[in-house]
Amino acid sequence: MATPFKDPRAGIFYFRRVAPAAFRPVFDGASSQYKRTLDTRDPDEARQRYHPHAVIYEQTLAAARRALANRQLRSARVMVDDFLDGPSDEQLRGVAQKLAALELGAFEYANGLTDHAPGARYDFGGCFRPASTRCALRVPGIGVA
């Protein structure tokens with residue numbers, strides 16, 4: 001059982017618990033401890049005043065855990081909804097253009113038309129060229145990316 005903490009300098013008793021790192025914003029910001037004064041120097045009175053603070057601490061911790069679980073559940077729901085909505089036509093067009101470019105590179109490599117492996121220099125993200133030059137991927141039959 002936890003007991004009241006006595007400040008060695010002033011002799012005042014405190015309720016003190018370590019705040020879990022994930023829930024520290026709920027407990028007085030970035031503080032690593034949840035600490036409340038019991039406003040007494042008497043050990044017996046401090047034990048009587050300790051329990052209500054412990055109940056408040058546990059209720060606050062339980063509420064923070066529920067809020068975190070609800071936030072994670074909402075986040076999972078958003079991801080599922082986004083997946084079920086599917087990619088947009090623009091995203092599909094971009095993926096198709098990248099795959100076509102890879103297939104063209106593989107064809108050129110297999111027929112000795114190029115000396116680098118397909119996809120070795122391919123950028124799967126954005127364009128790494130300066131903004132002043134246009135990032136374009138020319139694929140026969142598909143157009144410009």
Side-chain angles (χ1 to χ4, degrees), residues 1-109 114-139 141-145:
M1 164 131 180
T3 59
F5 165 75
K6 183 177 180 181
D7 186 339
R9 292 171 290 165
I12 301 286
F13 283 92
Y14 287 90
F15 171 84
R16 185 172 78 168
R17 292 271 181 95
V18 174
F23 304 120
R24 285 185 184 159
V26 176
F27 294 105
D28 298 330
S31 177
S32 63
Q33 293 184 0
Y34 176 75
K35 186 175 175 182
R36 296 291 182 262
T37 182
L38 299 177
D39 290 325
T40 186
R41 288 186 169 92
D42 180 28
D44 294 328
E45 191 173 341
R47 278 188 226 102
Q48 291 174 354
R49 293 181 181 183
Y50 185 86
H51 181 68
H53 289 281
V55 169
I56 291 169
Y57 171 82
E58 293 299 329
Q59 288 175 346
T60 305
L61 187 61
R65 284 185 177 132
R66 282 193 305 273
L68 180 64
N70 286 340
R71 192 171 352 140
Q72 289 172 345
L73 181 61
R74 268 189 303 240
S75 176
R77 285 182 182 158
V78 167
M79 289 189 313
V80 168
D81 288 343
D82 289 346
F83 176 77
L84 293 177
D85 288 343
S88 68
D89 289 341
E90 183 178 319
Q91 290 171 328
L92 288 175
R93 194 174 303 113
V95 169
Q97 288 174 345
K98 288 178 183 180
L99 288 174
L102 282 174
E103 287 181 19
L104 179 63
F107 174 80
E108 290 174 346
Y109 184 73
T114 185
D115 58 349
H116 66 273
R121 297 185 303 163
Y122 193 79
D123 172 28
F124 286 94
C127 180
F128 287 94
R129 292 183 215 140
S132 62
T133 62
R134 185 166 181 210
C135 181
L137 173 66
R138 293 188 187 344
V139 179
I142 292 184
V144 176

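All of these numbers come straight from a predicted model, not from anything done at the bench.
Note that the CZ atom of R16 and the OH atom of Y50 stand 10.0 Å from one another [nearest 0.5 Å]. In this structure, OH on Y14 lies 11.5 Å from CD on Q33, to the nearest 0.5 angstrom. Note that CD of Q97 and CG of L102 are 12.5 Å apart. Values are rounded to the nearest 0.5 Å.
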Side chains of residues 37-47: which donor-acceptor partners sit under 3.5 Å, not counting sequence neighbours?
| from | atom 1 | to | atom 2 | distance (Å) |
| --- | --- | --- | --- | --- |
| T37 | OG1 | D39 | N | 3.1 |
| T37 | OG1 | D39 | OD1 | 3.4 |
| T40 | OG1 | D42 | N | 3.1 |
| R41 | NE | A10 | O | 3.0 |
| R41 | NH2 | A10 | O | 3.3 |
| D42 | OD2 | E45 | N | 3.4 |
| D44 | OD1 | R47 | NH1 | 2.7 |
| E45 | OE2 | R49 | NE | 3.1 |
| E45 | OE2 | R49 | NH2 | 2.2 |

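Applying the side chain to side chain donor-acceptor pair (under 3.5 Å) test to every pair with at least one member in residues 52-67, sequence neighbours left out, gives these pairs: R17-E58.
A pairwise comparison of heavy atoms in F13 and P4 identifies CD2-CB, 3.7 Å as the closest pair.
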